[in-house]
Amino acid sequence: MSTGQERRINGAIPRRRHRGPAVVLVTGVARYLGAQVAARLAADPRIGRVIGMDSEEPPAEFAILLAGGVEFVAADITTAAPAKIISSERVEAVVHLAVAGDRRAGGRPAMKEQNVIGTMQLLAACQQAPDLRKIVIRSSTAAYGASFRDPAVFTEDTEPREIPRGGFARDVLDIEGYVRGFRRRRRDVSATVLRFAPFIGRRANTSLTRYFALPFVPTVLGRDPRLQFIHVDDALEILHRSVVEDHPGTFNVAGAGVITLSQAVRRADRIAVPVMEHGLSAAAGLARSGVKFSLDQLDLFVHGRVVDTTRLIKEYGYTPRTTSDAFADFLRGSGAGGILPGDAIAAAERSILGGIRAARAALRDAS
Amino acid sequence: MTDFESRAGIQYPNGAGRLPPITAPAGRTRKPPVPSPAASLAPEPSPEPSPEPPAAREITDPSLAPGQDVWDRRVANGLAFLRRRLTGAYEVDEFGFDQELTDGVFFPLLRRLYQDWFRIEVEGIQNLPANGPALVVANHSGVVAMDALMLTVAVHDEHPAHRYLRLLGADLVFRVPFISELARKHGSTLACNPDAERLLGDGELVGVFPEGFKGVGKPYRDRYKLQRFGRGGFVSAALRTGTPIIPVSIVGAEEIYPMIGNIKPLARLLGWPYFPVTPTFPWLGPLGMIPLPSKWLISFGTPIETTGRAEQADDPAVVFNLADQVRETIQQTLYRLLEQRDRDGGDAPGASGTPGR
């Protein structure tokens with residue numbers, strides 16, 4: 001942790017170029033990912049100041065995290081507020097995490113406003129900032145869309161075949177479009193775009209983790225999509241390295257390997273209930289509160305999505321844990337509660353086998 | 001990929017759950033205690049070496065199969081297979097290929113058709129490499145892609161290395177629920193260059209049918225006439241990855257559903273590439289979907305090397321030339337195989353008779 005005096009010196013004379021940036025702005029710190037990233041950066045001695053921004057006050061659990069050195073600023077990203085902060089605080093790196101796939105209050109219009117207008121405002125501010133040398137943007141593998149005409153594995157160079165129908169996927173495409181424009185105008189700034197697979201892990205709380213917590217998990221009839229996840233802790237590590245080190249470019253961030261939805265459901269000791277594609281959203285809505293399906297998720301549950309992470313591993317020298325391991329960690333954290341546990345099946349197997357052996361032995365003795 | 005496959009803690013139950021062949025180590029010297037129905041079902045093709053029993057690669061759970069008793073082992077393997085399926089304790093690769101399901105369910109079912117119904121004979125299997133990539137290019141016929149499925153069995157059962165042929169399928173396959181998932185679990189993926197090159201880059205055997213729907217959906221009178229070979233995307237993929245092309249000719253699939261008509265308006269209505277009319281379909285309803293038991297021959301041709309020509313992958317002249325060469329090889333072999341089949345006594349009356357050239 002740097003003292004106030006050091007901070008001023010670093011802020012005035014940005015000479016620690018070989019080290020991490022002197023002033024980092026993190027957006028979206030009222031949510032899990034933003035709060036974690038900001039707290040980790042604040043704890044890193046290579047980083048000077050960390051400013052956390054969000055339009056709402058962080059909830060208590062994150063406020064504790066941020067208390068360890070993050071300067072919180074309540075500001076609406078969809079206004080000109082970020083421009084003021086970036087210029088007055090002489091921000092050198094911006095980590096843009098206020099990009100969300102699940103809806104908060106306000107529904108889809110508010111989500112789009114935050115994702116698209118927020119990114120536009122932020123990038124406009126970044127373009128004017130003379131001290132800026134790095135931006136890191138949260139994107140998503142949803143950018144590839146999902147259709148039956150797509151290749152099985154997406155690389156960073158795969159162009160989506162058609163504009164995806166999901167709102168979040170379209171936001172992500174828009175955001176990446178703005179970043180491309182920014183890269184052209186500010187070639188001196190290193191821009192890192194991270195396309196994350198869906199987050200999972202024992203501490204993750206997303207609509208997907210809530211989905212796997214349902215006792216009966218609705219799936220699409222006749223479909224068994226290939227899924228890929230990224231462990232939240234690995235996502236944090238990649239984000240951290242993106243700020244401290246220099247990794248310009250666009251990267252898929254996912255755990256190697258694949259599990260199918262049916263496998264995932266069974267490993268979670270749940271029971272899949274296949275429903276017609278059009279009924280999935282309604283079925284999930286009825287099943288329990290907290291899970292609502294967007295078109296993004298529906299497309300994922302029909303076609304699945306798998307990405308290639310060769311570029312990430314080569315550039316970062318870091319291999320995220322596999323999709324299978326990440327999912328296993330999520331299961332360890334979510335605890336019991338399944339209605340058809342694997343132990344019971346293994347026990348049934350042993351008793352059936354024992355029964356058959358006993359019966360055959362009896363028959364042999366009798367004859 | 002390798003990292004994914006070598007992950008610890010995962011059982012690789014090659015063939016577990018399948019009925020172990022009688023020629024398993026224990027059964028070779030002494031007769032199994034109970035007469036096995038599998039023994040009577042499996043025909044012994046006398047001249048050819050019978051497919052090496054995959055039992056040698058079988059991994060049995062020692063805690064579950066202590067005895068020498070063949071039936072005990074079968075029951076234990078079957079139950080272990082069911083348990084793994086029910087608990088999700090198996091692996092699929094990034095294309096969705098489920099080796100355990102293929103070995104344990106798909107191949108045993110297809111093998112019955114392969115051995116008893118179509119009585120498939122194979123020549124030139126040594127032209128497939130024991131390891132490393134190759135692009136298998138075959139003619140396509142028979143209304144449904146039965147020939148593709150039989151080809152996967154031929155490659156797995158006849159080749160000493162028991163390799164898996166990864167098929168490239170039309171996008172229509174991946175649009176249809178159930179079919180799409182069965183295709184992926186069986187090792188297929190979409191016929192597109194990124195997927196083809198990725199599989200070849202991983203060292204897989206890739207199977208492609210460049211005629212596509214033009215081949216499977218052609219009328220019976222055009223049997224064994226190779227259709228146009230599309231854009232030759234398979235040639236580009238082979239050139240770019242330096243993979244040998246192995247031309248394969250399949251005789252017999254043309255006769256399983258002799259297509260004498262095509263109801264185009266109905267096809268359009270259903271979104272199908274064609275609506276087949278055969279002597280039995282749709283007249284006999286589901287019964288009409290039983291394929292005719294034609295005699296099949298599959299010939300694997302000499303590999304065509306493509307190494308060191310990556311820069312020619314985008315040259316249309318080179319691509320079309322090579323595609324034509326492959327096409328001509330397959331066509332000539334088809335004529336030869338047809339004559340051979342006629343000479344060997346032919347088959348059902350409808351199946352014999354070389355079509356007009």
Side-chain angles (χ1 to χ4, degrees), chain A residues 147-155 157-158 220-226 228 255-270 274 276-277 302-304 306-308 310 313 319 322-325 327-328 340-350 352-353 356-357 360 364, chain B residues 1-5 7 9-10 33-34 61 63-67 69 71-72 75-98 170-182 184-185 188-199:
Chain A
S147 93
F148 61 91
R149 288 200 191 88
D150 285 321
V153 183
F154 297 105
T155 66
D157 303 321
T158 316
V220 179
L221 186 69
R223 300 288 186 179
D224 193 13
R226 297 160 299 134
Q228 236 180 2
V258 162
I259 59 177
T260 64
L261 180 57
S262 65
Q263 270 182 304
V265 169
R266 284 307 307 135
R267 287 184 188 183
D269 295 340
R270 262 61 186 183
M276 298 289 283
E277 186 175 335
V302 171
H303 302 290
V306 177
V307 297
D308 178 287
T310 314
I313 293 167
T319 308
T322 64
T323 287
S324 212
D325 292 347
F327 194 73
L340 187 55
D343 306 346
I345 292 173
E349 180 198 6
R350 278 191 297 274
I352 292 172
L353 189 62
I356 291 174
R357 279 181 182 156
R360 292 188 64 215
R364 239 191 330 264
Chain B
M1 191 72 193
T2 43
D3 167 51
F4 161 59
E5 279 170 349
R7 197 178 315 136
I10 305 295
V34 193
D61 191 337
S63 69
L64 291 173
D69 185 342
W71 280 102
D72 189 70
V75 171
N77 281 346
L79 285 172
F81 176 80
L82 278 180
R83 191 227 327 130
R84 283 192 303 271
R85 299 313 298 188
L86 283 175
T87 52
Y90 52 90
E91 285 296 309
V92 298
D93 78 1
E94 56 188 1
F95 296 91
F97 174 46
D98 188 334
D171 56 6
L172 186 68
V173 170
F174 298 95
R175 204 179 69 189
V176 187
F178 296 105
I179 305 282
S180 57
E181 303 316 311
L182 290 174
R184 282 218 175 275
K185 288 179 194 301
S188 305
T189 190
L190 181 73
C192 61
N193 278 54
D195 280 11
E197 285 163 30
R198 193 173 184 84
L199 280 168

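By convention in this document, chain letters (A, B, ...) are assigned in the order of the sequence lines, proteins followed by strands, and residues within each chain are numbered from 1. What you see is a predicted model; the values in this text were computed from it and never measured.
With a threshold of 4.5 angstrom between heavy atoms, A:V306 approaches chain B through side-chain atoms but not through N, CA, C or O. Heavy atoms closer than 4.5 Å to chain A are found in both the backbone and the side chain of B:L79. Contact of B:R175 with chain A is made through backbone and side chain together, with heavy-atom distances under 4.5 Å. For a residue to count as touching a neighbouring chain, one of its non-hydrogen atoms must lie under 4.5 Å from one of that chain's; by this rule B:V176 touches chain A with the backbone only. Looking at A:R149, both its backbone and its side chain come within 4.5 Å of chain B, counting heavy atoms on both sides.
Taking CZ of B:R84 as the start and CZ of B:F81 as the end, the distance is 7.5 Å to the nearest 0.5 Å. Note that OG1 of B:T87 and CD of A:E349 are 9.0 Å apart. Values are rounded to the nearest 0.5 Å.
Checking A:T155 against A:D157 by side-chain atom types alone, no donor-acceptor pair falls below 3.5 Å. Donor-acceptor pairing under 3.5 Å is lacking for the side chains of A:T322 and A:S324.
Salt-bridge formation is detected for the pair B:R85/B:D98: a Lys NZ or Arg NE/NH1/NH2 atom is positioned less than 4.0 Å from an Asp or Glu carboxylate oxygen.
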